[in-house]
Number of protein chains: 4
Amino acid sequence: MCANRVGEHKQETRIQAKNRAAIKRAALKVFSENGFLGSTLDQIAAACSMSKPNVLYYFSGKEAIHRALLEELLDNWLAPLRHMDPDGEPISEILAYVDRKLQMAQEFPMESRLFANEILQGAPRIEDFIRHDLKDLVDEKAAVISGWVEAGKIAQVDPYHLIFSIWAMTQHYADFEIQVRLILPDGTDPYEGASTYLHTLFVSLLTP
Amino acid sequence: MCANRVGEHKQETRIQAKNRAAIKRAALKVFSENGFLGSTLDQIAAACSMSKPNVLYYFSGKEAIHRALLEELLDNWLAPLRHMDPDGEPISEILAYVDRKLQMAQEFPMESRLFANEILQGAPRIEDFIRHDLKDLVDEKAAVISGWVEAGKIAQVDPYHLIFSIWAMTQHYADFEIQVRLILPDGTDPYEGASTYLHTLFVSLLTP
Amino acid sequence: MCANRVGEHKQETRIQAKNRAAIKRAALKVFSENGFLGSTLDQIAAACSMSKPNVLYYFSGKEAIHRALLEELLDNWLAPLRHMDPDGEPISEILAYVDRKLQMAQEFPMESRLFANEILQGAPRIEDFIRHDLKDLVDEKAAVISGWVEAGKIAQVDPYHLIFSIWAMTQHYADFEIQVRLILPDGTDPYEGASTYLHTLFVSLLTP
Amino acid sequence: MCANRVGEHKQETRIQAKNRAAIKRAALKVFSENGFLGSTLDQIAAACSMSKPNVLYYFSGKEAIHRALLEELLDNWLAPLRHMDPDGEPISEILAYVDRKLQMAQEFPMESRLFANEILQGAPRIEDFIRHDLKDLVDEKAAVISGWVEAGKIAQVDPYHLIFSIWAMTQHYADFEIQVRLILPDGTDPYEGASTYLHTLFVSLLTP
DNA sequence: TATGAATGAGAATTCATTCAT
DNA sequence: GATGAATGAATTCTCATTCAT
């Protein structure tokens with residue numbers, strides 16, 4: 001009746017993999033622009049040049065496409081923070097984290113906006129992820145940072161707000177991209193300026 | 001035929017003022033949570049305990065309610081930055097701006113999310129505002145900040161990214177409120193911690 | 001609770017008479033342009049600068065306004081034909097009928113269109129009138145015309161189709177006014193030309 | 001997303017052709033009885049035993065169905081007059097035109113009423129057609145008729161009013177069909193009588 | 001796999017009418 | 001008499017989803 005869906009682990013054929021990927025690519029664009037409720041299957045089908053029923057052959061519904069996107073996104077969402085090495089040089093580690101987050105914003109702005117849409121709408125589908133996966137990781141890294149503070153390796157800062165500020169300032173360039181582009185003088189590269197600015201900012205903040 | 005609508009400037013009766021305000025209050029909640037497309041008149045009508053046709057007696061349509069909210073919002077959106085005094089003490093002025101923005105996030109989180117929703121969706125209704133009103137003001141204040149830098153009164157920073165970072169970090173507490181609350185240890189007040197953190201951050205960044 | 005309506009024969013005050021007349025004038029315009037179903041109370045109320053509830057103070061509903069108009073119209077609708085004198089000079093009588101009908105089309109085009117709308121829509125509200133009042137009168141006058149034919153006073157014609165043709169050609173200038181105006185050379189008066197043409201036509205048709 | 005609509009010229013499938021035709025047939029009935037504003041999609045859907053959304057699968061909206069009907073109608077509307085041959089025998093040509101118009105009224109009364117409804121309502125959708133296509137043709141044929149008059153081949157008549165009278169008297173049998181049937185003695189065929197009457201009328205009018 | 005066809009549930013909006021003053 | 005306020009019942013149209021092939 002209907003082919004491999006998320007969770008059914010039959011072998012995916014080449015063409016299935018291709019089409020599922022095309023659908024997800026299209027859906028990411030649509031969902032990130034309009035939010036879940038504001039997006040329609042028609043838009044997604046049009047964006048990947050498939051018929052609506054064919055899209056539904058690959059995913060059981062609009063919700064399922066969205067879930068698939070979110071799952072993939074969340075898998076990658078934690079990586080940059082997870083990489084922060086408790087045994088590394090604190091300021092370098094933090095700057096490296098900032099860089100990775102900024103790079104993700106630059107390379108995957110639609111994913112960032114998909115996430116932002118979810119949170120803005122009260123995180124109905126990812127509350128569990130935030131409450132557990134994300135919170136556990138943040139708690140862990142906050143403890144690391146607190147350790148660095150106590151060891152006098154970085155200046156006194158609240159680790160939670162430090163992390164929030166990194167998220168806010170990096171994701172801002174993806175989520176508010178339009179505003180950033182409209183306001184920055186023409187020809188200015190947002191990410192280049194952002195990188196320099198953020199380095200300065202965190203170095204001055206964290207240097208003990 | 002239908003009650004005074006935006007643009008018709010007959011004197012508003014008591015009951016009209018009350019109902020229009022109730023509708024806007026309800027609509028702000030609904031729009032800020034679901035975005036324009038994701039919101040329905042049913043939700044708005046339910047949220048203000050009115051019948052749908054009665055809501056439409058006061059506003060000519062969903063779009064008109066949204067427009068009214070946005071117009072009111074934009075009127076206030078520029079105020080905090082506008083207050084930044086070129087003749088004041090630079091670091092105090094910037095910190096005061098941060099405080100005002102943070103206070104707005106705390107007092108008007110739904111307005112912040114309404115704005116965020118608009119930007120996330122490509123700013124279809126407020127591009128003009130950003131391109132002109134907001135950009136002009138930012139340009140003006142960026143020049144002021146550059147003046148302060150050149151005068152050696154604050155450290156060397158890019159004024160545009162400085163402003164973006166203030167927006168990002170303050171609005172984050174409203175726009176990503178759920179995430180912030182889910183991650184911060186129980187009993188912690190986000191805005192108190194944020195205020196302290198941001199002061200430290202900008203003092204260390206800007207002190208020459 | 002509510003003032004004199006059709007059928008209630010209390011004395012009408014000056015202002016009531018004025019308002020009822022204003023409503024009917026407005027409604028005639030609206031109904032004749034849009035038909036019964038296509039017209040709205042809003043349009044009527046706007047056209048007579050009254051509030052909708054006030055219109056309904058004078059007439060119990062949309063249907064009642066329409067009924068009142070139709071009743072008045074039908075009262076006058078038969079008059080021209082009724083005037084045709086069995087004892088008059090046949091051709092003069094018929095030409096006089098044509099003239100009266102043409103004059104009515106010119107003076108009361110909206111009434112003609114109101115009637116045309118009714119007939120076009122299957123005469124739901126005036127079937128009785130047509131079936132009885134109008135048919136009886138037509139039968140009577142058809143007999144008169146047949147008498148004239150038999151007496152050799154006018155040429156041999158079917159009296160029913162003769163009457164239909166008078167209706168068709170005179171009402172046409174009211175009902176299809178737009179088309180007539182768009183097609184006639186600029187500056188031509190439709191009714192002047194029509195009068196001449198119809199005289200010629202009926203004289204040549206009827207002269208034995 | 002949706003089936004071929006007017007203007008998209010993909011090959012129509014069998015079932016599409018069938019359904020589109022069924023919708024148009026139903027809509028013609030409904031629109032010709034109630035006018036555009038007075039007709040509802042519900043009526044049309046019911047009249048062709050389809051669900052409302054399915055009707056909208058074939059036409060993008062109520063307006064589109066109406067437009068399709070009107071376009072088809074106008075295509076055929078000019079044909080009878082166009083056939084009038086400048087080189088034919090004048091009276092025969094005119095009588096033949098009358099016959100064709102009368103036949104159209106008999107065979108396509110709903111189309112005639114659709115047209116009448118449009119004109120009655122001020123020709124909002126076909127003003128252009130009348131002002132250009134129809135007027136040009138009438139001007140052309142009026143010139144032909146004038147030629148015949150000047151050549152002494154037919155009696156002196158105004159060609160425009162001649163044409164109007166043909167329209168009026170033939171379309172009358174379709175547009176006012178109900179009235180005609182209610183008034184004519186039972187068992188009388190309207191079109192038979194009309195044909196005879198009109199022949200007599202135009203022969204006596206036009207014979208020099 | 002893929003798609004044309006179909007639909008029930010809902011969305012925005014209109015409209016005749018009623019209520020209350 | 002007059003009107004601001006309110007609403008139930010349509011009405012047009014959209015959309016996720018299903019059916020049949």
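If you're wondering where the values come from, they're calculated on a predicted model, not measured in any experiment. Residue numbers start from 1 in every chain, and the chains themselves are labelled A, B, ... in the order their sequence lines are given, proteins ahead of strands.
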Closest to the [X] side chain: [options]?
X	options	answer
B:Asn19	E:dA2, F:dA6, E:dT7	F:dA6
C:Pro53	E:dG4, F:dG8, F:dA5	F:dA5
C:Leu56	F:dT3, E:dT1, E:dT18	E:dT18

Euclidean distance, atom [atom1] of residue [X] to atom [atom2] of [N] [Å, nearest integer]:
X	N	atom1	atom2	result
B:Leu37	E:dA12	CG	P	10 Å
A:Arg20	E:dA2	CZ	C1'	16 Å
D:Ile65	F:dC13	CD1	C1'	12 Å
D:Lys52	E:dG8	NZ	P	11 Å
A:Arg14	E:dT1	CZ	P	12 Å
A:Asp42	E:dA6	CG	C1'	14 Å
B:Gln43	E:dA11	CD	C1'	11 Å
D:Lys62	F:dA10	NZ	C1'	12 Å

So, does [X] get its side chain near the phosphate of [N], meaning an N or O under 4.0 Å from OP1 or OP2?
X	N	result
D:Tyr57	E:dA6	no
A:Asn54	E:dT1	no
D:Tyr58	E:dA6	yes
D:Gln16	E:dG4	no
A:Thr13	E:dT1	yes
C:Ser60	E:dT17	no

Tell me, do D:Leu73 and D:Leu70 make a side-chain contact under 4.5 Å, heavy atoms counted? yes

Within the distance-only criterion (no hydrogens, no angle test), does the side chain of [X] pair as donor or acceptor with the backbone N or O of [Y] below 3.5 angstrom?
X	Y	value
A:Glu33	A:Val30	no
A:Gln16	A:Thr13	yes
C:Arg125	C:Arg67	no
A:Lys24	A:Glu72	no

Judged by nearest nucleotide, the residue sitting upstream toward the 5' end of DNA chain E, A:Ser49 or B:Ser39, is A:Ser49

I want to confirm an ordering. Mapping B:Met50 and C:Val55 to their closest nucleotides on DNA chain F, which one lands closer to the 5' end? C:Val55

Counting any heavy atom closer than 4.0 Å, what does B:Thr40 reach on the DNA or RNA strands: base, sugar-phosphate only, or nothing? sugar-phosphate

Could you tell me which nucleotide pairs with F:dA5 by Watson-Crick or G-U wobble geometry, both distances under 3.5 Å, or answer none if nothing does? E:dT18

Let me confirm one number: the CZ-OG distance from A:Phe108 to A:Ser32, rounded to the nearest 0.5 Å. 13.5 Å

